[in-house]
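Take a look at the structure below.
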Amino acid sequence: MLEIKFVRQNFQKVVDALSKRGDSAKLNEFIKYDENRRNILLEVENLKNKRNVVSGRIAEMKKKGENTEDLILEMREVSKTIKSLDADLSESEGVVNDLLMSIPNIPHPSVPEGKNERDNELVKKEGVIPDFDFEAKAHWDIGEDLKILDFERAAKITGARFPLYFGAGARLERALINFMLDIHTTEHGYKEVLPPFIVNRQSMIHTGQLPKFEEDLFKLEGWDYFLIPTAEVPVTNIHQGEILDESDLPVYFTAYTPCFRSEAGSYGKDTRGLIRQHQFNKVELVKLVTPESSYDELEKLLANAEEILKRLGLAYQVVTLCAGDLGFSSAKTYDIEVWMPAQNTYREISSCSNFESFQARRTSIRFRKKGVKGSELVHTLNGSGLAVGRTLAAILENYQQADGCVIIPEALRPYMGGMEKIES
RNA sequence: GGAGAGGUGGCCGAGCCGGCUGAAGGCGCUCGCCUGCUAAGCGAGUGUGUGGGGAAACUUGCACCGAGGGUUCGAAUCCCUCCCUCUCCGCCA
């Protein structure tokens, strides 16, 4: 959410920024309703002031035993008026707030212009793309041949887009989770968190999934609760409504959670394999930082996520999302895309974003500076470190051998009881 | 699920027979004074949101004492609904 004052005072700037995103929100309504809201506010506040003053006087008069009958009668009317104006006000506020909630974040100046993913800007390529002297198999074929992945049976249990791992596959997934968490906690300074996987509506609003994207979420029937689409939601909400001390910052959290996404609107896409599932595992990185440091912190966050791929020996590239491809709450996002041999292309495996104060304002997370009056909103960031299912898919495809087995990357072997390869 | 207790400012904690209480007191923090270090001491300040005035320091209106309704001229204080926390009992991974 942007600050209402900011929108009012920088109206054209906001409109321009939104058009950069290709978002043509009906902002002209905003001005109209906001003005209306403020007019009512002025009127109602004057009346409330009168009520407060007169009520005080009534108290004094009563103490002296004077007659207050007339004043009370008069105030009775005033209160009635206030009540009806308050109703109008909350209606206007509702409209203004809905509009405000549906305005996405303003892209950072360094974000390239563009409409969609094709306009994303390549930052760098790392690692060596494997050169096979046989035809690379897709990870779903590898997984099924090795009997470590079983999509058909998963579909019987639940339906399409759910994973079922067996044996070394299940263990590899678990190994990856532990490997990632260990590196982030022991080497990158993150505190491990194991949060709820179900959150309430408010938390979803705070991080920006709601009110706009409810159709992407799984909702619990009979509850106003949702399955988390990412650990970002519970973890960013840990300090909601709190005022932190500057010395508490930066806060670094890492969390493993499963993630649940309805994937509405992506029916034909990535129907096979682990790439696009309704349920997948992810190790997430979340930061709360000072505004001055947030872009440095974004670079560090990106490096922390990259480190995992480096240690796993997977080739990848980093792109800066263009304005049109930017997520709703984000001011700037880097995507890390891992090389997938069978598809002969890079696929997103991590998304690292700086939300600046956008989420902090909704979530009300602020901090106090030493020697400075008042408080300030923190900046929030998060990134995948990494998407586990996609990492496993990348390992299967990049480490496959001609005979159908898959070599386990060196870094993971301690987590696999020393196992060096997966074979049927 | 049954029976109780409670949710107040950065924290602890009064107020809760309705009205000079945005909220005592303490702690913490900031600034100043004092003190040859540290500690102690003294004085002042110290919530958030939103609107107005001011270049600014600041000043001023309104709202906020878990959330939402209600009663009242007036509610942190009374009533209703909901949420959450704690204790005991029951049940249970």
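Only heavy atoms go into these numbers, but all of them, side chains included; no hydrogens, no water, no symmetry mates. Proteins get letters first, then strands, A, B, ... in listed order; numbering begins at 1 in each. Source: prediction; values computed, not measured.
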Find the partner of B/A14: check Watson-Crick (N1-N3 plus N6-O4 or O6-N4) and G-U wobble (N1-O2, O6-N3) distances, both under 3.5 Å, and reply none if neither fits. none
Toward the 5' end of RNA chain B, which comes first, A/Arg368 or A/Arg37, by nearest nucleotide? A/Arg368
Within this structure, what is the CD-to-P distance between A/Glu93 and B/C64, rounded to whole angstrom? 13 Å
Pick the P atom in B/C37 and in B/A44, then give their distance to the nearest Å. 24 Å
How is A/Leu71 classified with respect to the nucleic acid when contacts are heavy atoms under 4.0 Å: base, sugar-phosphate, or nothing? nothing
Which one is paired to B/C82, where only Watson-Crick or G-U wobble pairs with both distances under 3.5 angstrom count? B/G66
Distance between the C1' atoms of B/G18 and B/G70, in whole angstroms? 15 Å
Considering every strand and a 4.0 Å limit on heavy-atom distances, what is the contact class for A/Lys5: base, sugar-phosphate, or nothing? sugar-phosphate
Worked verdict on A/Phe260 versus A/Phe197 for ring-ring contact (aromatic ring centres under 6.0 Å, His included): CA-CA 9 Å; A/Phe260 303 93; A/Phe197 302 158; 7.5 Å; no
Say you pick atom P in B/C11 and the same atom in B/C29; how far apart are they, in whole Å? 15 Å
When rounded to the nearest Å, what value does the distance between P atoms of B/C64 and B/G19 take? 16 Å
Please measure how far the C1' atom in B/C80 lies from the corresponding atom in B/G22, and state the result in whole Å. 26 Å
Please report the distance separating the C1' of B/U8 from the corresponding atom of B/U21, rounded so that it comes out in whole Å. 12 Å
Within-4.5 Å side-chain heavy-atom neighbours: A/Leu285 and A/Phe253: no
Are side-chain heavy atoms of A/Asn97 and A/Glu93 found at a separation under 4.5 Å? no
Would you say A/Arg51 places a side-chain N or O within less than 4.0 Å of OP1 or OP2 belonging to B/C73? no
State the pairing partner of B/A76; accept Watson-Crick or G-U wobble contacts with both distances under 3.5 Å, and report none otherwise. none
Going by atom types only, do A/Tyr334 and A/Glu121 share a side-chain donor-acceptor pair under 3.5 Å? no
Find the distance A/Lys48:NZ to B/G51:P and express it as a whole number of Å. 15 Å
Ignoring backbone atoms, establish whether A/Arg366 has a side-chain N or O less than 4.0 Å from OP1 or OP2 of B/G49. yes
May I ask which nucleotide in the shown strands pairs with B/U87, Watson-Crick or G-U wobble, both distances under 3.5 Å? B/A3
Assign A/Ser375 to base, sugar-phosphate, or nothing according to its heavy-atom contacts below 4.0 angstrom with the strands shown. sugar-phosphate
Applying a 3.5 Å limit to both distances, which nucleotide forms a Watson-Crick or G-U wobble pair with B/A39? none
Can you tell if the side chain of A/Met61 reaches within under 4.5 Å of the side chain of A/Leu71, non-hydrogen atoms only? yes
Pair partner, B/G61 [Watson-Crick or wobble, under 3.5 Å]: B/U50
For a quick check of understanding: with a heavy-atom distance under 4.0 Å over all strands, which category does A/Lys80 fall into, base, sugar-phosphate or nothing? nothing
Can a side-chain donor-acceptor contact be found between A/His184 and A/Thr254 if the only test is distance below 3.5 angstrom? no
Between the base of B/G51 and the side chain of A/Glu45, is one N or O donor paired with an acceptor at under 3.5 angstrom? no
Counting only side-chain nitrogens and oxygens, does A/Arg38 get under 4.0 Å of the OP1 or OP2 atom of B/G52? yes
Taking a pair as Watson-Crick or G-U wobble with both distances under 3.5 Å, which nucleotide is matched to B/C20? none
Please give the distance between the C1' atoms of B/G26 and B/G15 as a whole number of Å. 15 Å
Considering only the C1' atoms, how many Å lie between B/C12 and B/G2, rounded to the nearest integer? 33 Å
Name the pairing partner of B/A44, where a pair is Watson-Crick or G-U wobble with both distances under 3.5 Å, or state none. B/U30
Should the pair A/Tyr415 and A/Phe179 be assigned to parallel (<30°), tilted (30 to 60°) or perpendicular (>60°) ring geometry? perpendicular
What is the nucleic acid contact for A/Asn52, judged by heavy atoms within less than 4.0 Å: base, sugar-phosphate only, or nothing? sugar-phosphate
